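Report on the structure given below.
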Amino acid sequence: MIWLAELPLELQQELPPMTISVHAYSGRPADRLVGINNRMLREGDFVVPGLKLEQITPEGMVFGYKGFIFRRCVK
């Protein structure tokens, strides 16, 4: 798994800006959620078509986009 900054530059430029307003991690996956761009999302939801929130971790989130799996820290 790679960091967002390690994605190829052209893919980084395709991604929408993401403003994280809420990050709630729990040991129970059903209780995890994040607020991205004024939307509350859970694991498996799409931020925009093609950009999937794969996992919410204690430090941030894991996303899937065009075959790449990458992570982003909350801070």
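No experiment lies behind these values; they were computed from the predicted model shown.
- Not counting sequence neighbours, Arg71 has no partner by the side-chain hydrogen bond (donor to acceptor under 3.5 Å, both in side chains) test.
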Less than 3.5 Å apart, which donor and acceptor atoms pair up between the side chains of residues 1-13 and the rest of the protein, not counting sequence neighbours?
from	atom 1	to	atom 2	distance (Å)
Glu6	OE1	Trp3	N	2.7
Gln12	NE2	Ala5	O	3.0
Gln12	NE2	Leu7	O	2.7

What side-chain donor-acceptor pairs closer than 3.5 Å can you find for residues 16-23, not counting sequence neighbours?
from	atom 1	to	atom 2	distance (Å)
His23	NE2	Thr57	O	2.8
His23	NE2	Gly60	O	3.3

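- Side-chain N or O atoms of Arg32 include none that pairs as donor or acceptor with a backbone N or O of Tyr25 at under 3.5 Å.
- No single ILVMFWY cluster, assembled from side-chain heavy atoms under 4.5 Å apart, contains both Phe46 and Met61.
- With values rounded to the nearest 0.5 angstrom, Phe63 atom CZ is found 12.5 Å from Lys52 atom NZ.
- The minimum heavy-atom distance between Val62 and Ile69, with the atom names listed, is CG1-CG2, 3.5 Å.
- Residue Tyr65 holds its OH atom at 14.0 Å from CD of Glu54, rounded to the nearest 0.5 Å.
- Within the model, atoms CZ of Arg72 and CG of Leu53 stand 11.5 Å from one another, a figure rounded to the nearest 0.5 Å.
- Closest of all the heavy-atom pairs between Glu43 and Pro29 is OE1-CB, 3.8 Å.
- Applying the side-chain contact (heavy atoms from CB on, under 4.5 Å) test between Ile36 and each of Asp45, Val47, Val48 identifies Val47 as the sole match.
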